[in-house]
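For the numbers below, each heavy atom of this structure counts, side chains included, while hydrogens, waters and symmetry mates do not.
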Amino acid sequence: MLILTRKKDQVIKIGNDISVMIVAIQGDQVRIGVEAPKNVKVFRQEVYDDIQKQNKEAAAGSATLEALADLLSN
């Protein structure tokens, strides 16, 4: 993990296409702006984790439905 120190309005570049700017600092909260191409999805970690969980549940449900369909077709 790379750890950087930045001040308000300073930017971190990731590759050629992604910029992360420190927009505001208030107490223990930091507001961050992310500029990225539209094809790059940017999520907060807790949202990303929830999406992954829902995808796994949907895949498990789909596999169960396929198994039931196979049983019924025999």
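- In this structure, Phe43 is not a member of the same hydrophobic cluster as Ile12, with clusters built from ILVMFWY side-chain heavy atoms closer than 4.5 Å.
- Under the 4.5 Å side-chain contact rule for hydrophobic residues, Ile18 and Val11 do not share a cluster.
- Note that the CD1 atom of Ile51 and the CD atom of Glu46 stand 10.5 Å from one another [nearest 0.5 Å].
- Linking ILVMFWY residues whenever their side-chain heavy atoms come closer than 4.5 Å, directly or via other members, places Leu4 and Ile22 in the same cluster.
- Annotation for Tyr48: atom OH does not count as buried by contact number, only 12 or fewer foreign heavy atoms lying within 6.0 Å.
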Side-chain atoms of residues 23-37: list all donor-acceptor pairs with protein atoms under 3.5 Å, sequence neighbours left out, distances to 0.1 Å.
none

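- Screening residues 4-22 for side chain to side chain donor-acceptor pair (under 3.5 Å) gives Lys13-Ser19 as the qualifying pairs, with residues at least two apart or on separate chains.
- Under the 4.5 Å side-chain heavy-atom criterion for Ile, Leu, Val, Met, Phe, Trp and Tyr, Leu2 and Val20 are members of the same hydrophobic cluster.
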